[in-house]
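One structure is given here, and the rest of the page talks about it.
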Amino acid sequence: MSGDRIPGGGEPVIDSSVPHSARIWNYWLGGKDNYEVDRIAGDQFREAFPAIAANARAFRAFLSRAIRYLVAEAGVRQFLDIGTGLPTVDNTHEIAQRVAPASRIVYVDNDPLVLTHARALLTSTPEGATAYLDADLHDPGAILKQARQTLDFGQPIALILSGILGHVMDTGEARGIVRELVSALPSGSYLLICDGTDTDETLKQAQAQHNEGGAVQYQLRSPAELAEFFTGLELVEPGLVSCPLWRPDATEIGEAVPVDSYGAVARKP
């Protein structure tokens, strides 16, 4: 979650000369909201680790299944989606409001290209609400303050951190951010995390090489390290697993194939 700002405020500037994580992921997912520099970086990574596109799709599919669970089974009607990225098919508000039209969703990102697409995100059913915050994960206090304008922190909220914690390179800082965000949520709220893991040596080498470029840093963590983000919470079955293994749809053909990204959903007691 990074973006250039015009000194003294104003609209953020899109730098098309430097690759950006949101646009690279958009490219891997088959989107068109990216630049040549993003496609070059994405192709270089995919050459080193061909399964990255499958990982990206697994992230997205897990998120869709998890949101459906939260709305239809857990009864959640409020969502705080941090690091939302670029709009794509079945965004959080679309999935949630399809099941429960009164759902309220707050998106948080500070990518300048995401900001230009904010109107695509700022749609809602008449019964519900959708808002977009231009804010940074490194400042959870500011996120919470602004989110209170749309969300009722006296009622359960689902906090979504999908593919974003890896951009916080220091694990201690990442834990502190999650702890601060979760502590502000009421009992009965949920934490949803999915992130890349260090479970494949080829991926680790590809990510290390990619990080050396300096433009888009990402910290792969072990499943055990990811599990620590859920300390004190009640994991929903099947717990923290490779994304395709988390409650796969019964209509899916064939067996779910694990990828090097893990996800989980947990309830705050």
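All of these numbers come straight from a predicted model, not from anything done at the bench.
Remark: side-chain polar atoms of Tyr262 are not paired, donor with acceptor, to backbone N or O of Ala224 under 3.5 angstrom. At least one donor-acceptor pair closer than 3.5 Å links the side chain of Trp28 to the backbone N or O of Gly42. Looking at Arg68, its side chain never comes within 3.5 Å of a backbone N or O of Val99 through a donor-acceptor pair. Within the 3.5 Å criterion, the main-chain N or O of Tyr35 finds a donor-acceptor partner in the side chain of Asp38. At distances below 3.5 Å, at least one donor-acceptor pair connects side-chain atoms of Gln78 with backbone N or O atoms of Pro156. Put simply, the side chain of Arg104 gets close to the backbone of Thr150: a donor and an acceptor are under 3.5 Å apart. In this structure a side-chain-to-backbone donor-acceptor pair under 3.5 Å is present from Tyr107 to Thr92. Side-chain N or O atoms of Glu180 include none that pairs as donor or acceptor with a backbone N or O of Pro140 at under 3.5 Å. Arg77 contributes a side-chain N or O that, together with a main-chain N or O of Val71, makes up a donor-acceptor pair within less than 3.5 Å. A donor-acceptor pair under 3.5 Å links the side-chain atoms of Thr197 to the main chain of Asp260, judged by distance alone.
Considering only heavy atoms from C-beta on, Arg98 comes within 4.5 Å of Asp90 through its side chain. The side-chain heavy atoms of Asp43 and Glu47, taken from C-beta on, include no pair separated by under 4.5 Å. Residues Phe45 and Ile24 form no side-chain contact, since every pair of their non-hydrogen atoms from C-beta on lies 4.5 Å or further apart. Between Glu173 and His138 there is a side-chain heavy-atom pair separated by less than 4.5 Å. Side-chain contact check for His93 versus Ser103: every heavy-atom pair is 4.5 Å or farther apart. A heavy-atom distance below 4.5 Å is not found between the side chains of Arg267 and Leu233. Side-chain contact between Leu245 and Pro258 is present, with heavy atoms from C-beta onward closer than 4.5 Å. Annotation: side chain of Ser162 is not in contact with side chain of Ile82 (no heavy-atom distance under 4.5 Å).
What you find for Gly196 and Leu220 is that their closest heavy atoms are C-CD2, 3.7 Å. Taking both residues in full, the closest heavy atoms of Pro19 and Val37 are given as CD-CG2, 3.4 Å, listed atom of the first, atom of the second, then distance. Nearest heavy atoms, Val259 versus Pro244: CG2-CD, 3.6 Å. In this structure, Lys268 and Ser183 approach most closely via the heavy-atom pair NZ-O, 3.4 Å. Annotation for Cys243 and Gly263: closest pair SG-N, 3.8 Å, computed over non-hydrogen atoms. The minimum heavy-atom distance linking Asn26 with Lys32 is given by the pair OD1-N, 3.3 Å.
Residues Ile40 and Tyr27 do not share a hydrophobic cluster, clusters being chains of Ile/Leu/Val/Met/Phe/Trp/Tyr side chains in contact below 4.5 Å. With hydrophobic clusters built from ILVMFWY side chains whose heavy atoms lie under 4.5 angstrom apart, Tyr69 shares a cluster with Ile105. The same ILVMFWY cluster, assembled from side-chain heavy atoms under 4.5 Å apart, contains both Ile67 and Val241. In the hydrophobic clustering of ILVMFWY residues, with side-chain heavy atoms under 4.5 Å counting as a link, Phe49 and Val257 come out apart.
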Next on the checklist: Working note: Arg175 + Thr231, criterion side-chain contact (heavy atoms from CB on, under 4.5 Å); need CA distance, chi angles, decisive distance, verdict.
Outcome noted: CA-CA 10 Å; Arg175 289 175 186 157; Thr231 299; over 6 Å; no
Next on the checklist: Walk me through whether Arg39 and Glu36 qualify under salt bridge (Lys or Arg N to Asp or Glu O under 4.0 Å).
Outcome noted: CA-CA 5 Å; Arg39 295 188 285 273; Glu36 182 178 5; 5.6 Å; no
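Annotation for Glu127: atom CD counts as buried by contact number, over 12 foreign heavy atoms lying within 6.0 Å.
Screening Asp195, Leu80, Leu192, Leu137 for a side chain to side chain contact (heavy atoms under 4.5 Å, CB included) with Leu161, the sole residue that qualifies is Leu137.
Taking CG from Leu226 and CG from Leu165, the interatomic distance works out to 8.0 Å, rounded to the nearest 0.5 Å. Going from atom CD of Gln219 over to atom CD of Gln207 covers 8.5 Å, rounded to the nearest 0.5 Å. With rounding to the nearest 0.5 Å, the separation of CD in Gln205 from NE2 in His210 is 15.5 Å. Note that OG of Ser261 and CH2 of Trp246 are 14.0 Å apart. Values are rounded to the nearest 0.5 Å.
Ion pair Arg221/Glu228 not flagged as a salt bridge, since none of the NZ, NE, NH1 or NH2 atoms sits closer than 4.0 Å to an Asp/Glu carboxylate oxygen.
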